[in-house]
Chemist: 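Starting off with a structure, shown below.
Being a predicted model, the structure only gives us computed values, none of them experimental. For reference, positions follow the sequence shown, starting with 1.
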Amino acid sequence: MILAATFAAAAAMPAAHASADLAKAKACMACHTVASKLVGPSYKDVATKYAKDSGAEARLALKIQKGSSGTWGPIPMPANPQVSDAEAQTLAKWILAQK
């Protein structure tokens, strides 16, 4: 009974909340925050930069997994091979919604 209630609560969680939890679980928050620059840019800055880019979600998902350099300055973003394709898509979608 408790287990069923836990699954029901998890299923009812808004996507943004679930993605914030995923970002924490995958160590994204070690370098990024939603609203201010840390080591890397804030998610709001990323969303603003790519707001009119129709291919941004796919490119961000790839950068999340493979890493990148030079886009936001001299500090490279390391690859995150522990992030699956589906997780990278979820994270990219969530990041782009942080306007």
Side-chain angles (χ1 to χ4, degrees):
M1 186 70 141
I2 293 173
L3 189 57
T6 302
F7 284 126
M13 240 194 282
H17 187 292
S19 295
D21 288 344
L22 180 60
K24 288 175 190 165
K26 296 299 179 176
C28 304
M29 299 301 209
C31 295
H32 301 277
T33 70
V34 171
S36 60
K37 179 177 175 26
L38 192 56
V39 175
S42 73
Y43 292 137
K44 286 186 180 201
D45 288 344
V46 174
T48 299
K49 181 174 185 158
Y50 295 108
K52 297 182 184 196
D53 183 345
S54 63
E57 187 178 315
R59 271 194 301 288
L60 284 177
L62 188 61
K63 287 181 179 195
I64 289 166
Q65 288 184 300
K66 305 292 183 191
S68 76
S69 63
T71 304
W72 295 92
I75 299 173
M77 182 170 125
N80 294 283
Q82 78 281 10
V83 177
S84 71
D85 291 346
E87 290 168 335
Q89 286 296 130
T90 298
L91 288 165
K93 194 174 293 189
W94 175 74
I95 291 165
L96 292 171
Q98 302 306 305
K99 301 172 187 169

Chemist: Spell out, as yes or no, whether a donor-acceptor pair under 3.5 Å connects the side chain of Asp53 to the backbone of Gly55.
Modeler: yes
Chemist: Going by the rule side-chain contact (heavy atoms from CB on, under 4.5 Å), which residues pair with Ala88 if we only count those two or more places apart in sequence or in a different chain?
Modeler: Ala61, Ile64, Gln65, Val83
Chemist: Under the salt bridge (charged side-chain N to carboxylate O under 4.0 Å, His left out) test, which residues partner Asp85, sequence neighbours left out?
Modeler: none
Chemist: Under the salt bridge (charged side-chain N to carboxylate O under 4.0 Å, His left out) definition, can you give me all pairs with a residue in residues 27-49, not counting sequence neighbours?
Modeler: none
Chemist: Test side-chain contact (heavy atoms from CB on, under 4.5 Å) on Leu96 and Lys99; report intermediate values, then the result.
Modeler: CA-CA 7 Å; Leu96 292 171; Lys99 301 172 187 169; 5.9 Å; no
Chemist: So if you build clusters from Ile, Leu, Val, Met, Phe, Trp, Tyr with side-chain heavy-atom gaps below 4.5 Å, do Leu60 and Val39 land together?
Modeler: no
Chemist: Keeping to residues at least two apart or across chains, list the salt bridge (charged side-chain N to carboxylate O under 4.0 Å, His left out) pairs with something in residues 69-80.
Modeler: none
Chemist: Are side-chain heavy atoms of Trp94 and Gln89 found at a separation under 4.5 Å?
Modeler: no
Chemist: Could you note down all residue pairs passing side-chain hydrogen bond (donor to acceptor under 3.5 Å, both in side chains) where residues 67-77 supplies at least one of them, sequence neighbours left out?
Modeler: Lys63-Thr71
Chemist: Of all heavy-atom pairs between Ser42 and Val34, which one has the smallest distance, and what is that distance?
Modeler: CB-O, 3.5 Å
Chemist: Treat each ILVMFWY residue as a node, draw an edge where side-chain heavy atoms are under 4.5 Å apart, and state whether Val46 and Leu38 are in one component.
Modeler: no
Chemist: Atom NZ of Lys52 and atom OG of Ser54: how far apart are they, to the nearest 0.5 Å?
Modeler: 13.0 Å
Chemist: To the nearest 0.5 Å, tell me how far Leu22 CG sits from Thr90 OG1.
Modeler: 6.5 Å
Chemist: Enter the distance from Tyr50:OH to Arg59:CZ here, rounded to the nearest 0.5 Å.
Modeler: 7.5 Å
Chemist: Enumerate the residue pairs fulfilling side-chain hydrogen bond (donor to acceptor under 3.5 Å, both in side chains) with a member in residues 22-32, sequence neighbours excluded, ordered by first and then second residue.
Modeler: Lys26-Glu87
Chemist: Specify the closest pair of heavy atoms between Cys28 and Leu91, including all atoms of both residues, with the distance to one decimal.
Modeler: SG-CD1, 4.2 Å
